[in-house]
There are 2 protein chains.
Amino acid sequence: MNSEFTVAVHSLVYLASRPDRMATSDAIACNVNTHPSRIRKVMSLLRKKGYIATKEGIGGGYQLGCEPEEATLADIYRATSIGSIKPSWCSGNEQGECMIACRMAAVMDDIFSDTEHKMLQHLESMTIRDVLVRIWTTEKQP
Amino acid sequence: MNSEFTVAVHSLVYLASRPDRMATSDAIACNVNTHPSRIRKVMSLLRKKGYIATKEGIGGGYQLGCEPEEATLADIYRATSIGSIKPSWCSGNEQGECMIACRMAAVMDDIFSDTEHKMLQHLESMTIRDVLVRIWTTEKQP
DNA sequence: TCGTACTGTGATTATAATGGTTACAGTTGT
DNA sequence: ACAACTGTAACCATTATAATCACAGTACGA
């Protein structure tokens, strides 16, 4: 899982928590604890999938483009991190003679793909609203 | 998922494919396509969990310490990659005033932990033997 | 018992991935 | 026109990853 997912979920939860469901990249970045430019990049991904509406120019910023109880973590994962379960390094050698060396990468690909699918099924069960509720009900660590 | 998992699975499948279920780190490294030293490090993790027996000295090497149909990918994941689903970067600020900034990291930790658990349930259903069979039955890409 | 072929592990280096930062063009309300 | 925003690309710093090196320890066999 890459950290764009974390940034995306945090940003959406933050927006969902605001009365007008709006904020600038500066305000979000400050809450997420990263750079506004990074927020804008992630928001750009979310906008393409309709989870965010943007308003440029003065008084602009980002607004939630969906209901918090409708956006699932699976949606967010698909928008920001699809494929990230698979490590970039691959074993074996496609051109070799040995069947194992030659086919392992493809078999592992399938396994990662199946595993990601299972993971998505799980993420499907959690929404942005659920995350917000978890925050409200989690005891602050002493 | 980190690539130690890939190395571990590949190595075990390779061993399982050999008549005597033995090989040196050099032979495994050559098949996996990495450095023998890396293989030895991963084998070290697997040995601690009993999936591998090692024999030092001349004529030594690694031998499968389990039945291929008993070692699940979940076992291998636990031995090599536990926790790797969680990105190293965390959002928010634990010391802050804002509930969201303050608690998001902990909530995301829980989510990652639950998700990893689901992933393990899935990996539980596949064994080293299954991976070997997949390799034997997968058509080589043209 | 010495030499060779192994493993075990720490240290170092090279490379790739990640996150932070800057820069600047485009947009919009005042 | 200008100030306050977003959109994106480019670049730099840091971190993570994989490769490599180094060398001590072990075991077999001549």
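Chain naming here is simple, since letters A, B, ... match the order of the sequence lines and numbering starts at 1 in each.
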Quick check: are there more than 12 heavy atoms from other residues, nucleotides or ligands sitting under 6.0 Å from CZ of A/Arg21?
-> yes

Side-chain N,O (B/Thr54) to OP1/OP2 (C/dG8) below 4.0 Å = yes

To the nearest angstrom, how far is B/Ile52 atom CD1 from C/dT7 atom P?
-> 11 Å

Less than 4.0 Å between a side-chain N and a carboxylate O, is that true for B/Arg134 and A/Asp114?
-> yes

Contact under 4.0 Å: B/Arg47 side-chain N or O vs C/dT9 OP1/OP2 = yes

Contact class for A/Lys41 vs. all strands (heavy atom < 4.0 Å): base, sugar-phosphate, or nothing?
-> base

Is any side-chain nitrogen or oxygen of A/Ser88 closer than 4.0 Å to OP1 or OP2 of C/dA16?
-> no

Are A/Tyr77 and A/Ser84 close enough that a side-chain donor and a side-chain acceptor fall under 3.5 Å?
-> yes

Indicate whether OP1 or OP2 belonging to C/dC6 is found under 4.0 Å from a side-chain N or O atom of B/Ser25.
-> no

When B/Asp26 and A/Thr34 are each assigned the nearest nucleotide of DNA chain C, the 5'-most assignment goes to B/Asp26

Short side-chain N/O contact to D/dA16 OP1/OP2 from A/Trp89, under 4.0 Å | no

To the nearest angstrom, the CZ-C1' distance between B/Arg38 and D/dA19 comes to 9 Å

Over how many whole Å does the gap from B/Gln63 atom CD to C/dT7 atom C1' extend?
-> 15 Å

Assess whether one donor atom and one acceptor atom, taken from the side chain of B/Ser37 and the base of D/dC21, lie less than 3.5 Å apart.
-> yes

Can any side-chain N or O of A/Glu116 pair as donor or acceptor with the backbone N or O of A/Gly83 at less than 3.5 Å?
-> yes

Candidates D/dT20, C/dT7, D/dT17 - which lies nearest the side chain of B/Glu56 = C/dT7

Write down the distance between CD1 (A/Ile28) and C1' (D/dC5), rounded to a whole number of angstrom.
-> 12 Å

Please name the pair of heavy atoms, one in B/His35 and one in B/Ala29, separated by the smallest distance, quoted to 0.1 Å.
-> C-CB, 3.8 Å

Do B/Arg40 and B/Ser37 get their side chains close enough for a donor-acceptor pair, meaning under 3.5 Å?
-> no

Write down the distance between CG (A/Leu45) and C1' (D/dT8), rounded to a whole number of angstrom.
-> 12 Å

Let me know the distance between CG of A/Asn33 and P of C/dG19, rounded to the nearest Å.
-> 13 Å

Looking at C/dT7, D/dT6, D/dA18, which one has an atom nearest to any side-chain atom of B/Glu4?
-> D/dA18

Is there a donor and acceptor pair, one atom on the side chain of A/Arg40 and one on the base of D/dG7, closer than 3.5 Å?
-> yes

Would you kindly give the CE-to-P distance between A/Met43 and D/dC5, to the nearest whole Å?
-> 17 Å

How do B/Gly57 and A/Gly60 order along DNA chain D: which one's closest nucleotide is nearer the 5' end?
-> A/Gly60

A/Ser44 side-chain N/O to D/dT8 phosphate OP1/OP2 under 4.0 Å = yes

Could you give the CD1-to-C1' distance, from B/Ile58 to C/dA5, as a whole number of Å?
-> 4 Å

